[in-house]
S.K.: 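Following this message is one structure expressed as structure tokens.
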Amino acid sequence: MPELPEVETIKQDLRKKIINKKIVEIEVLNKKTIHGNKQAFLRILKGNKIKSIERVGKLIIFELKDGNNFLFVHLKMTGQLVYKKGKKVVAGGHSEEWGKKPQIINELASFDKYARVIITFEDNAKLYFNDMRVFGYMKTGDKTARVEIIKGFGVEPFTKGFTLNNFANIFKNRKTSLKAILLNQKLIAGIGNIYADEICFRAGVRPDKKASNLSKQDLNKLYEAIKYIFKKAIENRGTTFNNYVDSDGNKGGFTKYLKVYGRGGEACKKCKKILKKIRLVGRGTVFCSYCQR
DNA sequence: CCTTGTGTTCTCCG
DNA sequence: CCGGAGAACACAAG
């Protein structure tokens with residue numbers, strides 16, 4: 001489940017790999033992956049170049065060199081963007097792979113059968129959009145579309161707008177649970193089910209606590225926890241629980257730091273009591289009823 | 001049955 | 001009856 005740290009990792013890596021490379025071919029292996037007009041999608045991308053890459057919440061936005069269009073990519077639950085270097089044509093006509101690590105080839109082999117779109121660049125490098133469950137999408141749009149899409153996202157952690165005051169205001173006059181607010185992309189961009197639980201644990205607050213019942217101290221702890229957890233997760237290149245891999249096909253390193261996600265019924269790492277697992281906002285939710293109040 | 005991100009649809013409340 | 005909030009559902013495959 002790629003959330004902010006995973007998507008941020010992919011963005012940073014792809015910036016080093018595909019900027020200013022001409023797109024020479026696009027293979028759409030599953031047309032459901034392309035949202036909007038497929039012909040327009042192909043026409044806009046073919047022959048174009050990627051000028052820059054940004055991330056908004058869990059969405060990756062590729063700015064195209066033509067000066068007006070953008071490629072939007074959402075990985076949803078099982079999407080991957082995996083980059084493979086091109087083949088170097090050597091004397092005699094045969095080719096050899098550049099710089100592939102054998103253990104990565106094996107790791108990726110199981111996901112390549114879920115390739116939905118393959119973009120080929122002028123140097124024969126390929127960007128695979130793999131997506132087992134076909135929830136993710138790719139679509140193109142212009143500047144207006146980009147502005148409209150970004151409008152739909154709430155405050156982005158690590159931006160100037162993410163102040164304690166702004167954060168606390170989100171909770172005012174809301175009747176829903178803390179976790180519902182953390183997961184709502186229109187309010188705060190980038191938090192998914194894994195990090196929501198980790199943030200609540202670090203802050204020492206129950207995820208099912210009602211927004212109106214959160215104290216000033218709760219809000220301060222949650223605010224700091226978001227920044228801390230996301231910073232740590234990005235430094236460790238994200239979390240792999242089921243099938244997240246970065247653009248090299250490697251797993252994230254934050255998985256070993258998870259304190260609650262996926263640990264229902266196990267001992268709390270802080271107090272050793274058994275972690276509770278409940279269903280909240282339709283999502284599996286793990287917390288410690290002793291450490292979180 | 002379970003897993004989850006998000007768009008859509010339904011329901012409730014004032 | 002309207003608007004908004006929040007809850008519930010739909011989707012997909014293993």
S.K.: Could you check whether A/S247 and A/K17, counting side-chain N and O atoms only, form a donor-acceptor pair closer than 3.5 Å?
M.R.: yes

S.K.: Please check: side-chain N/O of A/E6 versus main-chain N/O of A/D246, any donor-acceptor pairing under 3.5 Å?
M.R.: no

S.K.: Decide yes or no on salt bridge (Lys or Arg N to Asp or Glu O under 4.0 Å) for A/K151 and A/E148, but give the supporting numbers first.
M.R.: CA-CA 5 Å; A/K151 269 188 197 168; A/E148 284 305 307; 3.1 Å; yes

S.K.: By ring pair (Phe, Tyr, Trp, His ring centres under 6.0 Å), which residues pair with A/F171, not counting sequence neighbours?
M.R.: A/F167

S.K.: Report the distance from atom CE of A/M1 to atom C1' of B/dC2, rounded to the nearest whole Å.
M.R.: 12 Å

S.K.: Grab the CG-C1' distance between A/L75 and B/dT6 for me, whole Å please.
M.R.: 13 Å

S.K.: Considering residues at least two apart in sequence or located in another chain, which fulfil the side chain to side chain donor-acceptor pair (under 3.5 Å) criterion with A/K172?
M.R.: A/N169

S.K.: Using a 4.0 Å heavy-atom cut-off across all strands, classify A/K186 as base, sugar-phosphate, or nothing.
M.R.: nothing

S.K.: Tell me, which of residues 136-158 of chain A have any heavy atom that sits under 4.0 Å from an atom in DNA chain B?
M.R.: none

S.K.: Donor-acceptor pairs under 3.5 Å, side chain of residues 42-49 of chain A to any protein atom, not counting sequence neighbours: which ones?
M.R.:
unit_1	atom_1	unit_2	atom_2	d
A/N48	OD1	A/K65	N	3.4
A/N48	OD1	A/D66	N	3.3
A/N48	ND2	A/I44	O	2.9
A/N48	ND2	A/D66	OD2	3.0

S.K.: Classify the side chain of A/R133 and the base of B/dT6 as holding, or not holding, a donor-acceptor pair under 3.5 Å.
M.R.: no

S.K.: Closer to the 5' end of DNA chain C via nearest nucleotide, is it A/K175 or A/K32?
M.R.: A/K175

S.K.: What pairs with A/F241 under ring pair (Phe, Tyr, Trp, His ring centres under 6.0 Å), at least two apart in sequence or on another chain?
M.R.: A/Y261

S.K.: Using a cut-off of less than 4.0 Å, is there contact between a side-chain N or O of A/H74 and OP1 or OP2 of B/dG5?
M.R.: no

S.K.: Hydrogens and angles aside, do A/D131 and A/T78 bring a side-chain donor and acceptor to less than 3.5 Å of each other?
M.R.: yes

S.K.: Rounding to an integer number of Å, can you tell me how far A/N184 CG sits from B/dT6 P?
M.R.: 10 Å

S.K.: Which residues pass the ring pair (Phe, Tyr, Trp, His ring centres under 6.0 Å) test with A/Y257, sequence neighbours left out?
M.R.: A/F254

S.K.: Of all nucleotides in DNA chain C with an atom under 4.0 Å from a non-hydrogen atom of chain A, which is the first and which the last going 5' to 3'?
M.R.: C/dG6 to C/dG14

S.K.: Atom CD of A/Q185 and atom C1' of B/dG5: how far apart are they, to the nearest Å?
M.R.: 8 Å

S.K.: Are any protein N/O atoms closer than 3.5 Å to N/O atoms in nucleotides 11-14 of chain B? If there are, list each pair with its distance.
M.R.:
none

S.K.: May I ask you to establish whether A/R206 and A/F287 are in a cation-pi arrangement, using a distance under 6.0 Å from NZ or CZ to the six-membered ring centre and at most 45° from the ring axis?
M.R.: no

S.K.: For A/Y290, is the OH atom crowded, meaning more than 12 foreign heavy atoms sit under 6.0 Å from it?
M.R.: no

S.K.: Which residue pairs pass the salt bridge (charged side-chain N to carboxylate O under 4.0 Å, His left out) test when at least one of the two sits in residues 188-203 of chain A, sequence neighbours left out?
M.R.: A/K179-A/D197

S.K.: From CG of A/L182 over to P of B/dT6, roughly how many Å is that when rounded to an integer?
M.R.: 14 Å

S.K.: Report all side-chain donor-acceptor pairs from residues 182-192 of chain A shorter than 3.5 Å, counting only partners two or more places apart or in another chain.
M.R.:
unit_1	atom_1	unit_2	atom_2	d
A/N184	OD1	A/K186	N	2.9
A/Q185	OE1	A/G190	N	2.9
A/Q185	NE2	A/L183	O	3.0
A/Q185	NE2	A/I191	O	2.9

S.K.: Separation of A/Y195 atom OH from B/dG5 atom C1', in whole Å?
M.R.: 15 Å

S.K.: What pairs with A/E266 under side chain to side chain donor-acceptor pair (under 3.5 Å), at least two apart in sequence or on another chain?
M.R.: A/R263

S.K.: Taking DNA chain B as the partner, which of residues 227-243 of chain A come within under 4.0 angstrom of it by heavy atom?
M.R.: none

S.K.: Reading DNA chain C from 5' onward, which residue's closest nucleotide shows up sooner: A/R174 or A/R283?
M.R.: A/R174

